Peer 1: 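Structure below; questions to follow.
Since the model is a prediction, treat every value here as computed from it, not as a measurement. Lettering of chains follows the sequences in order, A, B, ..., and the numbering in each one begins at 1.
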Amino acid sequence: MLLKIEKETMSRYNAKATEAKWQKIWTDAKIFKTDSTSTKPKYYVLEMFPYPSGRIHMGHVRNYTLGDVVARFRRANGYEVLHPMGWDAFGMPAENAAMERKVHPADWTYDNIANMRDQLKQVGLAIDWDREFATCDADYYGKEQQIFIDFYNAGLIYRKESWVNWDPVDNTVLANEQVIDGRGWRSGAVVERRKLSQWFLKITDFAEELLEGLGTLDRWPDKVRLMQENWIGRSEGLKFTFEISETGESLPVYTTRPDTLFGASFCAIAADHPLAAKLAEDNADLKAFIEDCRKTGTTEEAIEKAEKKGFDTGLTVKHPCDPDWKLPIYVANFVLMDYGTGAIFACPAGDQRDLDFARKYDLPVLPVVLPEGEDPASYTIGDEAYTGPGKMFNSRFLDGMETMAAKAEMIDRAEKEGWGERTINYRLRDWGVSRQRYWGTPIPFVHCDDCGVVPVPAEELPVKLPEDVSFDRPGNPLEHHPTWKHTKCPTCGGKAVRETDTMDTFVDSSWYFLRFVTPESDQPFDGDVVDQWLPVNQYIGGVEHAILHLLYARFFTRALNHVGRTQVKEPFEGLFTQGMVNHVTYKDAEGQWVFPEMVRSREDGSFFRSDNGLDVTEGRIEKMSKSKKNVVDPDDIIDQYGADTARWFVLSDSPPERDLLWTEAGIEGAWRFTQRVFRMVDAPSAAVAAVGAAVPESLSDSALALRKATHKTIVDITADIEALHFNKAVARLYEYANAIGAKVEGDGAAEVMREALETLVMLVSPMMPHLAEELWQKLGHKTLVAETPWPKAIVALTVDNTVKMAVQVNGKVRDTIEVAKDMPKDEVEKIALASEKVDRSLDGLTVRKVIVVPGRIVNIVAN
RNA sequence: GCCCCUGUGGCGGAACUGGUAGACGCGCCGGAUUCAAAAUCCGGUUCUUUCGGGAGUGUCGGUUCGAGUCCGACCGGGGGCACCA
């Protein structure tokens, strides 16, 4: 009995103690410290840095494990790897905590960082922690202010009065993208519209470059490139000017469908259009209509959306091709001031919105594009506009032309006759970065009555946030602070007031990957060193950042290039977007969400709560979220199974770009494998360590089979990791473990087994680094796995000289044959036809044709 | 409404450029070990069958000697969006 217990403990792998041990050894030896000036080939792997919310979640574990496998794999393959970590530390939750719990945002943030750093370190990541910083460090945001002033001096920053989305709860301005269904994306408050003076970054100057650059990003997911392309929204069309018949004033419009100009039926302007505002001055009804449009916001839900509304101004414009043709001007709720010129001409036959509008207000609908196969005499438009291609008709000089040709012709004519021009238009708008908040980078400017807006001189940076702030009343604490904003004008020395806006936190994350390269630089970064390390070779993060963060970071890099700080143009060479981590949801009999750890199962398969015994039912599988309580805490998992098992599980089963389903059974399976690998290597380790590394020439069949498996596995795993197909790598390692478990005996068995076990340890090491170190040591090595080169396959052992081929009769597999790899087709055919099973299937049929695809298949066609 | 992606056993998923569908794992079933259990090990596991086979990758059709893979239409699931002129 005693003996048995002892055996049990000895053969069990104690993950917790072992992991702590190796983490300390790695840290003490500083083996993950990156030498920026190394002559080795460089590899920069980066995961999107976390927001310090307080605790890590499984999504973090997945994200950082993916990156860590890449980092360790590249290190083993001879690269100098840069794999840093930092904190996206500014943002509203810290201010919310300050308001709710009377804790200073800085204290809250740095406490959270300390917690999460400890948690992340337990995952065993190969990170150079010496480069760590938080964006809320004055050192970091001071450098950001420097960049901001650079951009200002380069004309990339301007201020303008503009309509903004005002969140009345957070007392802040929201970007359009941050307004979801008319509500603030964080507070959920119904958004109002206000006019404020705002700071803007001229991202639109780079619209064309950013669009073109997408073409070079061949290691980005197509999906993300497409989303950015749509976001930039380049279109080519005609910009021309209507003359208002009654006043002679001009009204510029933009259209992508100049071909349909003869189908025009009315003209519509946005509610925010200056002309609308002017007309509303002495028209109460119009004023009310405009107010109404504003209330609905720019992105309202479907039902509200569907309702096209307009207001007839009573004015008309002259058709540019026919001064006698007058079109009424409407103010319409579906025309956007931000896009094009804020005014359109409408051709109801060719645009669904225009058609809906025309039907509602009983305006003419004249078809001008004839779809193929339709008769011009009888063709009419019902409730559906025709937006496809076709031949022009009812269109005077365009009649008979194809749509594309008609477009070009109309633009050419407009340019020749001088009433319009070919114009490229973008949907992309400039980036408003002003936030009326405390916990962000102060915009480094002062307002002087005499000198206007003046940048803070470089030697006075950083403009630090004051520490003594109060969150007792709503609004921006910087505005309320008794002294902070009062300063002297850098130009004239007179009284001046600091800008109290802080920057959008997307600014912070737009250049952190550059700071990581030279975090000690007194400049934002050392351009020469950055140019050697960038672009980031592999960037990994959530697809939710597909547009904003990634587009802003691309813009920032180009802007930094523009101001001469770097040669780099595209920051991220390879992008990988991981899927979410999901879990089933549980609800008890009272309808309350239940944490998975509180769910117990009965023998009949039903569930109950461990605390109060209430019945529990399994619900949908959803993204892990605190609100639905379908979360598992990485700390608990690591405590129970160890980091390696957790890492192994998040890498297995699902392809990393897809959602991962977290299950108890899955983590148990991973844990079993961890134990199995440990036993497989541990049990024979002493004997194996004594065996020489040299494998003899002559091997028994079973030894040769294992050796071949070893070298094939090296090739496969290497390819899988390079392609980030970690789930496949995991599957192959299971297979390889099975192969090692098979009986090996005879000549060379011991040597081949040693090679196999060492290879297994190495191949597993990027995924389960602690276990690998422990086993490596047990196999008699004094060096670290983390500093051991990746195994090299002997190519000769990875090719077989025979091959199994399927033999089909009329496309159905009847038999398999094993033939020499280079056997001529006619011999293969002979062997296939000699098969008894094939012969049986051919009974009564005549062979018409035999197709032999060498190394793959034989198909016998018969009837 | 528009755009994109996706659909394979009970489940997660394999299947290179069209060439043996279901690798590997989970679950389940059986066996070994154990007083018993846990753990571990071995075997089986798409469905169906008269044990010869037959059917099968969302549905229907097409191309091909051969289709999960290519083409067309439809159905389901997921994601994105901006009423973008």
Peer 1: Hey, what do you get for NE2 (A:H545) to CG (A:L551), rounding to the nearest 0.5 Å?
Peer 2: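 Reported to 0.5 Å precision, the distance equals 13.5 Å.
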Peer 1: Tell me the partner of B:A73, counting only Watson-Crick (N1-N3 plus N6-O4 or O6-N4) or G-U wobble (N1-O2 and O6-N3) with both under 3.5 Å; none if nothing fits.
Peer 2: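 Across all strands, the one nucleotide that pairs with B:A73 is B:U59.
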Peer 1: Taking the side chain of A:V853 as its heavy atoms from C-beta onward, which of B:A23, B:C26, B:G19 lies nearest to it?
Peer 2: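 Of B:A23, B:C26, B:G19, B:G19 is nearest to the side chain of A:V853.
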Peer 1: Tell me which nucleotide among B:A85, B:G19, B:G27 gets nearest to the side chain of A:A665.
Peer 2: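 Selected nucleotide (nearest to the side chain): B:G27.
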Peer 1: A:R679 side chain: which of B:G54, B:C41, B:C83 is closest?
Peer 2: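 The answer is B:C41.
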Peer 1: Roughly how many Å apart are B:G27 and B:C81, using the P atom of each and rounding to a whole number?
Peer 2: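 My reading of the P atoms in B:C81 and B:G27 gives 38 Å.
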Peer 1: Which one, B:C41, B:U20, B:C65, comes nearest to the side chain of A:I851?
Peer 2: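 Nearest listed nucleotide: B:C65.
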Peer 1: Rounded to the nearest 0.5 Å, how far apart are CZ of A:R257 and CG of A:D354?
Peer 2: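 Interatomic distance, A:R257 CZ to A:D354 CG, rounded to 0.5 Å: 10.5 Å.
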Peer 1: Roughly how many Å apart are B:U6 and B:U50, using the P atom of each and rounding to a whole number?
Peer 2: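 Comparing P positions in B:U50 and B:U6 gives a spacing of 41 Å.
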Peer 1: Which whole number of Å gives the distance between the C1' atom of B:G7 and that of B:G56?
Peer 2: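 Looking at atom C1' only, B:G7 and B:G56 are 15 Å apart.
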Peer 1: Enter the distance from A:N810:CG to A:N859:CG here, rounded to the nearest 0.5 Å.
Peer 2: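 Those atoms lie 7.0 Å apart.
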Peer 1: For B:G77, does the O4'-C1'-N9-C4 (purine) or O4'-C1'-N1-C2 (pyrimidine) torsion place it in syn, i.e. within 90° of 0, or in anti?
Peer 2: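 Anti.
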Peer 1: Assign A:Y734 to base, sugar-phosphate, or nothing according to its heavy-atom contacts below 4.0 angstrom with the strands shown.
Peer 2: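 Since only primed, P, OP1 and OP2 atoms lie under 4.0 Å of A:Y734, the category is sugar-phosphate.
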Peer 1: Given B:C26, is OP1 or OP2 found less than 4.0 Å from the side-chain N or O atoms of A:R672?
Peer 2: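 So the side chain of A:R672 is within the cut-off, an N or O lying under 4.0 Å from OP1 or OP2 of B:C26.
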Peer 1: Output the rounded distance in Å from CG (A:L660) to C1' (B:C11).
Peer 2: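 Distance check: A:L660 CG to B:C11 C1' gives 14 Å.
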Peer 1: Please determine, for the side chain of A:K812, which listed nucleotide (B:C24, B:A21, B:G54) has the closest atom?
Peer 2: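 For A:K812, the side-chain atoms sit closest to B:G54.
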Peer 1: When you check the phosphate oxygens OP1 and OP2 of B:A15, does a side-chain N or O of A:R856 lie under 4.0 Å from one of them?
Peer 2: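 For A:R856, the contact criterion (side-chain N or O under 4.0 Å from OP1 or OP2 of B:A15) is not met.
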Peer 1: Using a cut-off of 4.0 Å on non-hydrogen atoms, how would the nucleic acid contact of A:V543 be classed: base, sugar-phosphate, or nothing?
Peer 2: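 It contacts nothing in the nucleic acid.
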Peer 1: Please pick, from B:C83, B:G13, B:C65, the nucleotide with the shortest atom-to-atom distance to any side-chain atom of A:F334.
Peer 2: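 For A:F334, the side-chain atoms sit closest to B:C83.
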Peer 1: Could you tell me how far apart A:D716 (CG) and B:A14 (C1') are, to the nearest whole angstrom?
Peer 2: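 Value for this atom pair: 13 Å.
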Peer 1: Looking across every strand, which nucleic acid part, if any, lies under 4.0 Å from A:N859 by heavy atom: base, sugar-phosphate, or nothing?
Peer 2: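 Answer is base: heavy atoms of A:N859 come under 4.0 Å of a base.
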Peer 1: Pick one for B:G12: is it syn, with its angle within 90° of 0, or anti?
Peer 2: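 Glycosidic conformation of B:G12: anti.
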Peer 1: Within this structure, what is the NZ-to-P distance between A:K728 and B:G25, rounded to whole angstrom?
Peer 2: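 Distance, rounded to whole Å: 17 Å.
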Peer 1: What integer distance in Å separates A:Q808:CD from B:C65:C1'?
Peer 2: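 It works out to 9 Å between those atoms.
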Peer 1: Give the nucleotide from the list B:A85, B:C26, B:C83 with an atom nearest to the side chain of A:N333.
Peer 2: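 Of B:A85, B:C26, B:C83, B:C83 is nearest to the side chain of A:N333.
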Peer 1: Side chain of A:E735 only, heavy atoms from C-beta on: which candidate in B:A85, B:U20, B:C24 is closest?
Peer 2: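 It is B:C24.
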Peer 1: With a 4.0 Å limit, can you tell me whether A:R814 has a side-chain N or O closer than that to the phosphate oxygens OP1/OP2 of B:G54?
Peer 2: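 Looking at the OP1 and OP2 atoms of B:G54, one of them is under 4.0 Å from a side-chain N or O of A:R814.
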Peer 1: How many whole angstroms separate atom CZ of A:F242 from atom P of B:A85?
Peer 2: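 To the nearest whole Å, that distance equals 16 Å.
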Peer 1: How is A:R840 classified with respect to the nucleic acid when contacts are heavy atoms under 4.0 Å: base, sugar-phosphate, or nothing?
Peer 2: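 Sugar-phosphate, backbone atoms only, no base.
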Peer 1: Please determine, for B:G66, whether a Watson-Crick or G-U wobble partner exists with both distances under 3.5 Å, and give it or none.
Peer 2: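 Across any shown strand, B:G66 pairs with none.
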Peer 1: With nearest nucleotides of RNA chain B determined for A:E668 and A:D659 from heavy-atom distances, which residue corresponds to the more 5′ nucleotide?
Peer 2: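 The residue closer to the strand's 5' end, by nearest nucleotide, is A:D659.
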Peer 1: Rounded to whole Å, please give me the gap between CG in A:D682 and C1' in B:U40.
Peer 2: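 One finds 15 Å between C1' of B:U40 and CG of A:D682, rounded.
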Peer 1: Could you tell me whether the side chain of A:Y426 and the main chain of A:Y339 form a donor-acceptor pair under 3.5 Å?
Peer 2: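 Flag not set: sc A:Y426 to bb A:Y339 has no pair under 3.5 Å.
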Peer 1: Kindly compute the distance separating CD1 (A:I424) from CD (A:E236), expressed to the nearest 0.5 Å.
Peer 2: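 Between atom CD1 of A:I424 and atom CD of A:E236 there are 5.0 Å.
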Peer 1: For A:V61, does its backbone N or O pair with a side-chain atom of A:R647 as donor and acceptor, under 3.5 Å?
Peer 2: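 It does not hold such a pair.
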Peer 1: Provide the distance between the two P atoms, one in B:A38 and one in B:G22, to the nearest whole Å.
Peer 2: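 It works out to 33 Å between them.
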Peer 1: Would you kindly give the CD1-to-P distance between A:I232 and B:G80, to the nearest whole Å?
Peer 2: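 That distance rounds to 19 Å.
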Peer 1: Applying a 3.5 Å limit to both distances, which nucleotide forms a Watson-Crick or G-U wobble pair with B:G18?
Peer 2: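 The base-pairing partner of B:G18, which may sit in any strand shown, does not exist here.
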Peer 1: Indicate whether OP1 or OP2 belonging to B:A14 is found under 4.0 Å from a side-chain N or O atom of A:N727.
Peer 2: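 For B:A14, OP1/OP2 do have a side-chain N/O of A:N727 under 4.0 Å.
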Peer 1: Check this for me: does any side-chain nitrogen of one of A:D716 and A:R732 sit under 4.0 Å from a carboxylate oxygen of the other?
Peer 2: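 A salt bridge is present here (some side-chain N lies under 4.0 Å from a carboxylate O).
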Peer 1: Identify whether any heavy atom of A:T256 sits under 4.0 Å from a base atom; if not, whether one sits that close to sugar-phosphate; answer base, sugar-phosphate or nothing.
Peer 2: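 Result for A:T256 = sugar-phosphate.
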Peer 1: On RNA chain B, does the nearest nucleotide to A:T341 precede the nearest nucleotide to A:L226 from the 5' side, or the other way round? Give the residue.
Peer 2: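 Taking each residue's closest nucleotide, the earlier one in sequence belongs to A:L226.
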Peer 1: Both distances under 3.5 Å, Watson-Crick or G-U wobble: report the partner of B:U34, or none.
Peer 2: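 Its partner: none found.
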Peer 1: What class does the angle between the rings of A:H319 and A:F262 fall in, given that below 30° is parallel, 30 to 60° is tilted and above 60° is perpendicular?
Peer 2: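 It falls in the parallel class, under 30°.
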Peer 1: Going by purine N1 to pyrimidine N3 plus the second Watson-Crick contact, or the G-U wobble pair, all under 3.5 Å, which nucleotide sits opposite B:C2?
Peer 2: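 Matched B:C2 with B:G80 under the 3.5 Å cut-off.
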Peer 1: When the C1' atoms of B:G68 and B:G58 are considered, how many whole Å apart are they?
Peer 2: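 Pairwise C1' distance, B:G68 against B:G58, rounds to 12 Å.
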Peer 1: For A:R353, answer base if it contacts any base atom (sugar-phosphate contacts may also be present), sugar-phosphate if it contacts only those atoms, and nothing otherwise; contact means non-hydrogen atoms under 4.0 Å.
Peer 2: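 Touches a base.
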Peer 1: Hey, is the side chain of A:N582 poking within less than 4.0 Å of OP1 or OP2 on B:G12, counting only N and O atoms?
Peer 2: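 Indeed not, no polar side-chain atom of A:N582 lies that close.
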Peer 1: Rounded to whole angstrom, note down the P distance from B:U48 over to B:C11.
Peer 2: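 15 Å, rounded to whole Å.
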Peer 1: Mind checking who B:C28 pairs with, Watson-Crick or G-U wobble, both distances under 3.5 Å?
Peer 2: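 Partner of B:C28: B:G44.
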Peer 1: Please state the P separation for the pair B:C2 and B:G66 - nearest whole angstrom.
Peer 2: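 Looking at atom P only, B:C2 and B:G66 are 37 Å apart.
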Peer 1: Rounded to whole Å, how long is the line connecting atom CG of A:N738 with atom C1' of B:C41?
Peer 2: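 In whole Å, B:C41 C1' and A:N738 CG are 12 Å from each other.
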Peer 1: Whether A:Y339 contacts B:A85 is assessed here as follows: a side-chain N or O lying under 4.0 Å from the phosphate OP1 or OP2. Is that the case?
Peer 2: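 Result: yes.
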Peer 1: Could you tell me whether the phosphate oxygens of B:A85, OP1 or OP2, come under 4.0 Å of any side-chain nitrogen or oxygen in A:R427?
Peer 2: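 No, no such contact exists.
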Peer 1: Does A:F649 have its ring centroid less than 6.0 Å away from the ring centroid of A:W671?
Peer 2: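 No, they do not, as the ring centres are separated by 6.0 Å or more.
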Peer 1: If you only use heavy atoms from C-beta on, which nucleotide in B:U20, B:A85, B:G13 is closest to the side chain of A:L336?
Peer 2: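 Within the option list, the nearest is B:A85.
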